[in-house]
Amino acid sequence: MHTYSQGCTFSTIEDIAGKHVTVMGLGLNGGGETCVRFFLKHGAFVTVTDMKTEEQLKPTIESLNADNTLDLSHLKYILGKHREEDFINADCVIKNPGVKIEGNKYLSLARAVESDISIFLHFTKSPVIAVTGSKGKSSTVSAINYGLNKAGYTSFLGGNITVSPLTFLDKTTEDTPVVLELSSWQLADLRGRKALRPYISLITKIVPDHQNWYGNMEDYVADKRLIYKDQDKGCYTIVDMDADEPGTGPSSGGSWGNLFAKETKGTVLRYTRKNSLDGNYGVFQEKNDDGSFCGKVFLPGMDEPEIILRNLSVPGEHMRVNVLNAALVLFLMHVPSGDIAEILGSWQGIDHRLQFFHTYRNFKFYNDSCATVPEAAGAASQAFGKPVILITGGTDKGLSFEPLIETLSAKNGIIPVKKLYLLAGTGTDKLTKGLSERGIPYEKPYENLSALLSALKTDIDSGSEKESAGTEEIIVFSPGATSFGMFRNEFDRGNTFMAEVKKTFI
């Protein structure tokens, strides 16, 4: 396993001027583009190298070329290939987190390898709130950042949520908290640097993910564990208290949450769906006499638990956990409990996560394109407390679809889906096999969204007279898989879905 040397390539921001920087991976999501802007702004000579062609990268290149504040004479593109000399001659290579360093012959030639996250962490003075996990990361960080800003902080949000923290580095101070969503890949890029020491680290639910990259859960989670590696007792580590889903925990037994709690040097806080912390400190859930939800916090020094969360605007039990974790972070940042409940109760969620966006007759459409693991699609099917029409499927990334199939089996009190529409892909091939074995009905798979939505509209229109007048019906697009092949990424997939729906269901 590759280990970076400690410290940063650049001692100061001013030290960047005149250096030769190679950005490996320009991409289309803004991360590579932000790095190019940052280093040009600070006087570096920048070489961009990407296996994609100029035509494929046209939107990003046009955006850079249109910026007259940049010294484009310092910028050079090497596209459709990588060259050894661009790595050998660079003072520093900035790598995209999607590029594996182990076994990469080009990166092995570099004098120094950094990422946008490592550069940011080296220079910022902000208190960092770092979040990783498999499910709920983006919702959690978005709720935290929303809550902090509403509570009077000037807070910034970046990382895996597609905003590079280099975009706001120059605005950060000791008084501006920064919330970072960190993928396992971004954490792996920080190994050995001692750059990440978050004031608060939070690990959301762990389930199998990226197994096509890692091959096993232990290696995947080993990168997640880096989030608290350099914390101490003055920091907080927030981890799950509930048992892992069957077959997803450590091969040595126990649960990931318990492993994290035992390993970290930070002050451990737990979160649970249960109505008791069982002797731990953290947050838990209760139901009031009228069946409504409330979340409570109990920390060292408190005589009794305090309510910090009440009913939410966003749907789903899994979202309660995300927002309750956000509430705990706000409480640790000294926001009063009453303010937390009011602020987060009004939070409307984020794009591509159970995002309501369209109504057709009595049918409401929700975009949950950022559900990229089967468990997330299963959770989306249960989020509304009644049967939904579910659209799911996509590209395989080495995951088992058994958790989603088990949910769709609708046993043990699980709410059945009203109807299931499948979008074609290698992951869908695995899903259909399991569905057929269980006798679970489904429509097609469809080769593209346009064909699927056209069929859905025909079904709705032909059956609309049978629907009870005024009965609200829910349609959820929650793929439970990646978007490779048919879309650039999950955001492109979600935007395409919403556009196609609005075009089809007029």
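Owing to the predicted nature of the structure, the values given are computational and were not obtained by experimental measurement.
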For residues Thr267 and Thr237, determine if any side-chain heavy atom of one lies less than 4.5 Å from a side-chain heavy atom of the other.
-> no
Is the gap between the ring centers of Phe365 and Phe505 under 6.0 Å?
-> yes
Contacts of Asn495 that satisfy side chain to side chain donor-acceptor pair (under 3.5 Å) - sequence neighbours left out | none
If we ignore angles and hydrogens, is there a donor and acceptor under 3.5 Å between the side chains of Thr395 and Thr426?
-> no
Flag for Glu490-Ser369: side-chain donor and acceptor within less than 3.5 Å = no
Candidate list Phe38, Phe156, Phe123, test ring-ring contact (aromatic ring centres under 6.0 Å, His included), partner Phe168, passing option | Phe156
Short side-chain donor-acceptor distance under 3.5 Å, Thr49 and Tyr77 = no
Do Tyr146 and Ser346 get their side chains close enough for a donor-acceptor pair, meaning under 3.5 Å?
-> yes
Determine the minimum heavy-atom distance between Leu196 and Val128, stating which atoms define it.
-> CD1-CG1, 4.4 Å
So, Tyr153 side chain and Met333 main chain: donor-acceptor pair closer than 3.5 Å or not?
-> yes
Compare all side-chain heavy atoms of Pro250 with those of Asp244 and state whether any distance is below 4.5 angstrom.
-> yes
Salt-bridge present (Lys125, Asp175; N to O < 4.0 Å) | no
Indicate yes or no: does Arg197 engage Asp230 in a salt bridge with an N to O separation below 4.0 Å.
-> no
Can you find a heavy atom in the side chain of Asn145 that is under 4.5 Å from one in the side chain of Glu181?
-> no
When you measure from the centre of the six-membered ring of Phe356, is the NZ or CZ of Lys364 under 6.0 Å away and within 45° of the axis?
-> yes
Could you please spell out the steps behind the salt bridge (Lys or Arg N to Asp or Glu O under 4.0 Å) verdict for Arg353 and Asp368?
-> CA-CA 4 Å; Arg353 277 91 174 171; Asp368 194 40; over 6 Å; no
Pairing of Lys135 and Glu375 as salt bridge, 4.0 angstrom limit = no
Assess the side chains of Thr9 and Glu114: does a donor N or O sit below 3.5 Å from an acceptor N or O?
-> yes
Just checking, is any N or O donor in the side chain of Thr176 or Ser126 under 3.5 Å from an acceptor N or O on the other one?
-> yes
Could you tell me which non-hydrogen atom of Pro165 sits nearest to which non-hydrogen atom of Gly159, and how far apart they are?
-> CD-N, 4.0 Å
What's the spacing between Ser478 OG and Leu390 CG if we round to 0.5 Å?
-> 6.5 Å
Does Lys150 come within less than 4.0 Å of Asp339, counting only side-chain N to carboxylate O?
-> no
Is Met498 close to Gln355 at the side-chain level, that is, under 4.5 Å between some pair of heavy atoms?
-> yes
is_close_aromatic(Phe357, Phe497), centroid dist under 6.0 Å = yes
Between His352 and Asn367, a side-chain donor and acceptor under 3.5 Å = yes
About how many Å separate OG1 of Thr47 and CZ of Phe87, when rounded to the nearest 0.5 Å?
-> 9.5 Å
Might you point out which heavy atoms bring Ile94 and Asp116 nearest each other, and give the distance in Å?
-> CG2-N, 4.1 Å
Would Asp223 and Arg191 pass as an ion pair if we require N to O under 4.0 Å?
-> yes
Distance only, no hydrogens: is a donor on one side chain within 3.5 Å (strictly under) of an acceptor on the other, for Glu245 and Thr248?
-> no
Salt bridge present between Asp240 and Lys205 (N-O < 4.0 angstrom) = yes
Ile144 CD1 to Leu157 CG distance, which is reported to the nearest 0.5 Å = 9.0 Å
How many angstroms lie between atom CG of Leu452 and atom CG of Leu422, to the nearest 0.5 angstrom?
-> 8.0 Å
Decide whether Thr140 and Asn325 meet the rule of one side-chain donor and one side-chain acceptor closer than 3.5 Å.
-> no
Do you know which two heavy atoms are closest between Leu423 and Leu449, and how far apart they sit?
-> CD1-N, 3.8 Å
Would you indicate whether the side-chain heavy atoms of Ile119 and Phe39 approach each other to under 4.5 Å?
-> yes
Donor + acceptor pair across side chains of Thr34, Ser164 (<3.5 Å) | no
Take Ser134 and Tyr220 through the side-chain hydrogen bond (donor to acceptor under 3.5 Å, both in side chains) test and state the conclusion after the steps.
-> CA-CA 10 Å; Ser134 306; Tyr220 166 59; 2.7 Å; yes
Rounded to the nearest 0.5 Å, what's the gap from CD on Glu342 to CD1 on Ile308? Could you check?
-> 15.0 Å
How about Trp347 and Ser142: do any of their side-chain heavy atoms sit closer than 4.5 Å?
-> yes
State plainly whether the residues Glu54 and Lys58 are in salt-bridge range, i.e. N to O under 4.0 Å.
-> no
Please report the closest heavy-atom contact between Gln186 and Asn160, naming both atoms and the distance.
-> OE1-CB, 3.3 Å
Donor-acceptor side-chain pairing of Arg83 and Thr22 below 3.5 angstrom = no
With rounding to the nearest 0.5 Å, note down the distance linking CD1 in Ile227 to CD1 in Ile238.
-> 10.0 Å
State, to 0.1 Å, how close Pro445 and Thr432 come at their nearest heavy-atom pair, and which atoms those are.
-> CG-CG2, 4.0 Å
Sequence neighbours excluded, the answer for side chain to side chain donor-acceptor pair (under 3.5 Å) partners of Ser201 is Gln231
Assess the side chains of Lys224 and Thr132: does a donor N or O sit below 3.5 Å from an acceptor N or O?
-> yes
